Amino acid sequence: MSTKSFLQKVGEDFKKGLDAILPYAKTAGETAVAIFAPELGPLFNQTVNAVVTAEQNFAALGSQSKSGASKLSAVVQIAGGLVKQGLADAGKASDDAAVQNYINSVVTVLNSIPAAA
């Protein structure tokens, strides 16, 4: 029995769409965000959407493995401006490195969530 991360499962099941898996990720992540940085809740959700979209796009192309930098670039293109503005609005650093760190942190949270059976 193998343990798959949430994002691995997203990539494998991308044809099933966001409706089945996104609420699970949002719930788990929203709880953490609500406790530690409530002002970032909507930003977290939009970033999750962008990460899942990028993961699905790479899965559709059959290039999921060893494409972390490319996936990060795709998420930055999808939501980088929103993340930058959201971080600035929350009084956080909002330079390019901070945007990438924020996105990587969201990915870390998503990767730590076990995939639903």
Side-chain angles (χ1 to χ4, degrees):
M1 176 182 245
S2 69
T3 303
K4 293 182 182 178
S5 74
F6 171 79
L7 288 178
Q8 287 172 322
K9 187 72 172 161
V10 166
E12 290 175 359
D13 295 341
F14 78 96
K15 291 180 182 176
K16 294 180 182 177
L18 295 175
D19 294 337
I21 52 179
L22 198 52
Y24 179 73
K26 283 186 178 180
T27 302
E30 280 177 357
T31 301
V33 171
I35 292 169
F36 298 109
E39 69 276 8
L40 296 177
L43 179 62
F44 176 82
N45 293 335
Q46 291 297 322
T47 307
V48 168
N49 287 332
V51 169
V52 170
T53 298
E55 189 71 33
Q56 289 176 330
N57 288 340
F58 277 80
L61 296 171
S63 58
Q64 279 181 270
S65 298
K66 299 180 183 176
S67 56
S70 297
K71 289 177 189 176
L72 174 60
S73 177
V75 175
V76 169
Q77 286 182 335
I78 295 168
L82 177 68
V83 170
K84 183 174 272 203
Q85 186 62 51
L87 291 173
D89 289 349
K92 309 289 183 187
S94 60
D95 58 8
D96 291 344
V99 169
Q100 291 179 359
N101 287 337
Y102 178 82
I103 292 168
N104 284 331
S105 295
V106 171
V107 169
T108 299
V109 169
L110 294 175
N111 277 331
S112 70
I113 301 169

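Treat the numbers as computed from the prediction; the structure is a model and nothing was measured.
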Kindly say whether A69 contributes a backbone atom to a donor-acceptor pair with the side chain of S73 at under 3.5 angstrom? no
Shortest non-hydrogen contact between Q46 and L82, atoms and distance: CB-CD2, 3.4 Å
If you compare all heavy atoms of A54 against all heavy atoms of V75, which two are closest, and at what distance to 0.1 Å? CB-CG2, 3.7 Å
Report the distance from atom CG of L87 to atom OH of Y102, rounding to the nearest 0.5 Å. 7.0 Å
When hydrophobic residues are tied together by side-chain contacts of less than 4.5 Å, even through go-betweens, does V51 share a cluster with F58? no
Do V83 and L110 share a hydrophobic cluster, counting only Ile, Leu, Val, Met, Phe, Trp and Tyr and linking them when any side-chain heavy atoms are less than 4.5 Å apart? yes
Measure across A50 and I78 and return the closest heavy-atom pair with its distance rounded to 0.1 Å. CB-CG2, 3.6 Å
Among side-chain atoms of N104 and Q100, is any donor-acceptor pair under 3.5 angstrom? no
